[in-house]
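Reading through the structure tokens given below for one structure.
This structure is a prediction, so every number in the text was calculated from the model and none was measured. Atom set for the values below is all heavy atoms of this structure, side chains included, hydrogens, waters and symmetry mates excluded. Note that the numbering runs from 1 along the sequence shown for the chain.
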Amino acid sequence: MLIIIDGYNLLRCVQNIEEYQRLDEAGLCRFVSEYLVRVRMNGQIVFDGIGPPDKSELGGIDNLEVYFSGENFEADDIIIEKIEEYSAPKNMVIVSSDREIRATAVRKKATAVTSDVFWLSMIEQLDKKKPTPMPKEKRQGITESETDAWMDEFGL
């Protein structure tokens with residue numbers, strides 16, 4: 001499953017929430033990356049323009065490819081092109097509140113989600129406690145000497 005996100009569309013939506021007003025591209029990408037790792041998915045986020053002058057904070061983000069459309073293209077056009085060219089659109093989730101992008105996604109049988117719905121779902125998932133790993137003893141069982149000790153304890 002691949003998630004493609006309309007970057008500034010999601011960022012502007014999130015910045016309307018008081019506690020996230022100062023969130024920037026890198027901060028948004030870190031949130032999305034953490035979510036993608038948690039749900040074991042990969043994603044791409046496409047922003048309009050050339051992005052911030054210092055893109056160093058956008059490097060090394062797990063499970064998320066970050067794109068900027070450049071000066072002569074819009075993120076919407078790149079996202080629509082990605083939808084059109086993807087070989088398995090049924091395995092694709094498109095995150096945008098843009099009607100044209102969502103219409104293209106639906107026409108190609110991809111799943112389309114508005115930015116606000118995606119953000120709420122993502123935050124809900126991130127707020128869940130991470131599952132605690134199973135102790136190795138549970139996977140491996142107890143040792144023979146521990147078994148003998150318990151057998152003695154119960155008189156068996």
Side-chain angles (χ1 to χ4, degrees), residues 1-140:
M1 186 71 69
L2 174 67
I3 296 178
I4 298 179
I5 300 168
D6 185 342
Y8 283 125
N9 187 275
L10 179 59
L11 183 59
R12 299 301 176 245
C13 171
V14 173
Q15 287 173 333
N16 286 326
I17 303 168
E18 188 174 336
E19 65 185 284
Y20 300 108
Q21 286 178 345
R22 296 187 185 274
L23 192 68
D24 61 3
E25 295 92 338
L28 178 67
C29 289
R30 283 191 296 276
F31 269 112
V32 172
S33 171
E34 186 178 339
Y35 168 76
L36 292 171
V37 168
R38 179 88 53 100
V39 297
R40 294 185 174 100
M41 296 175 76
N42 291 313
Q44 299 175 355
I45 189 164
V46 183
F47 293 99
D48 286 308
I50 59 172
D54 180 13
K55 295 180 184 64
S56 62
E57 289 188 48
L58 296 168
I61 296 177
D62 294 332
N63 295 34
L64 182 66
E65 296 176 55
V66 180
Y67 297 95
F68 290 92
S69 66
E71 293 177 354
N72 300 320
F73 298 96
E74 290 187 14
D76 294 6
D77 299 327
I78 292 171
I79 293 168
I80 289 171
E81 185 177 312
K82 286 178 176 287
I83 296 167
E84 298 280 356
E85 293 178 353
Y86 198 69
S87 62
K90 288 181 181 179
N91 295 326
M92 176 184 260
V93 176
I94 306 301
V95 177
S96 179
S97 297
D98 182 276
R99 286 189 195 127
E100 184 181 1
I101 291 174
R102 288 196 337 262
T104 301
V106 169
R107 186 172 39 80
K108 287 297 210 173
K109 308 277 192 270
T111 301
V113 180
T114 59
S115 294
D116 58 337
V117 169
F118 174 76
W119 178 258
L120 291 174
S121 173
M122 187 180 85
I123 291 301
E124 185 178 294
Q125 176 68 36
L126 292 175
D127 283 344
K128 291 180 183 177
K129 288 185 176 179
K130 289 183 182 180
T132 55
M134 189 182 315
K136 72 175 186 172
E137 292 83 6
K138 189 169 182 178
R139 289 184 303 239
Q140 297 172 344

Under the rule for side-chain hydrogen bond (donor to acceptor under 3.5 Å, both in side chains), what residues qualify as partners of Thr114, not counting sequence neighbours? Asp116
Which heavy-atom pair separates Ile5 from Leu10 by the least distance, and what is that distance? CG2-CD2, 3.7 Å
Under the side-chain hydrogen bond (donor to acceptor under 3.5 Å, both in side chains) test, which residues partner Gln15, sequence neighbours left out? Arg12
To the nearest 0.5 Å, atom CD1 of Ile79 lies from atom CD1 of Ile101 at 4.0 Å
Locate the shortest heavy-atom distance separating Leu64 from Ser33; write the atom from each residue and the value. CD2-N, 4.4 Å
Under the side-chain hydrogen bond (donor to acceptor under 3.5 Å, both in side chains) rule, collect the residues that match up with Ser115, sequence neighbours excluded. Asn9
Are any of the side-chain heavy atoms of Glu25 and Val66 separated by less than 4.5 Å? no
Which side-chain N or O atoms in residues 50-60 pair as donor and acceptor under 3.5 Å with protein atoms at least two apart or in another chain?
unit_1	atom_1	unit_2	atom_2	d
Asp54	OD1	Ser56	N	3.0
Asp54	OD1	Ser56	OG	2.8
Asp54	OD2	Ser56	OG	3.3
Lys55	NZ	Ile50	O	2.8
Lys55	NZ	Pro52	O	3.0
Glu57	OE1	Arg30	NH1	3.4

Give me each pair satisfying ring pair (Phe, Tyr, Trp, His ring centres under 6.0 Å) with a member in residues 38-64, each pair once, sequence neighbours excluded. Tyr8-Phe47, Phe47-Phe68
Within residues 102-113 or reaching into it, pairs that qualify as side-chain hydrogen bond (donor to acceptor under 3.5 Å, both in side chains) - sequence neighbours excluded: Glu84-Arg107
Beyond-backbone contact of Glu100 with Asp76, side-chain heavy atoms, under 4.5 angstrom: no
Got a second to check how far Gln44's CD is from Lys82's NZ, nearest 0.5 Å? 3.5 Å
Considering only residues two or more places apart or on different chains, which pairs with a residue in residues 75-126 satisfy ring pair (Phe, Tyr, Trp, His ring centres under 6.0 Å)? Tyr20-Trp119, Phe31-Trp119, Tyr35-Phe118
Mind checking side-chain hydrogen bond (donor to acceptor under 3.5 Å, both in side chains) for Glu81 and listing every partner two or more places apart, or none if nothing turns up? none
Residues passing the side chain to side chain contact (heavy atoms under 4.5 Å, CB included) test with Asn91, sequence neighbours excluded, are Ala88
Suppose we screen for side chain to side chain contact (heavy atoms under 4.5 Å, CB included). Which residues come up paired with Met41, at least two apart in sequence or across chains? Met1, Ile3, Leu36, Val39
Residue pairs passing the side-chain hydrogen bond (donor to acceptor under 3.5 Å, both in side chains) test with at least one member in residues 62-72, sequence neighbours excluded, are Glu65-Tyr67
Interatomic distance, CD@Glu74 vs CG@Asp98, rounded to 0.5 Å, equals 9.0 Å
Where is the tightest heavy-atom contact between Ile45 and Gly7, given as atom of each residue plus distance? CG1-CA, 3.6 Å
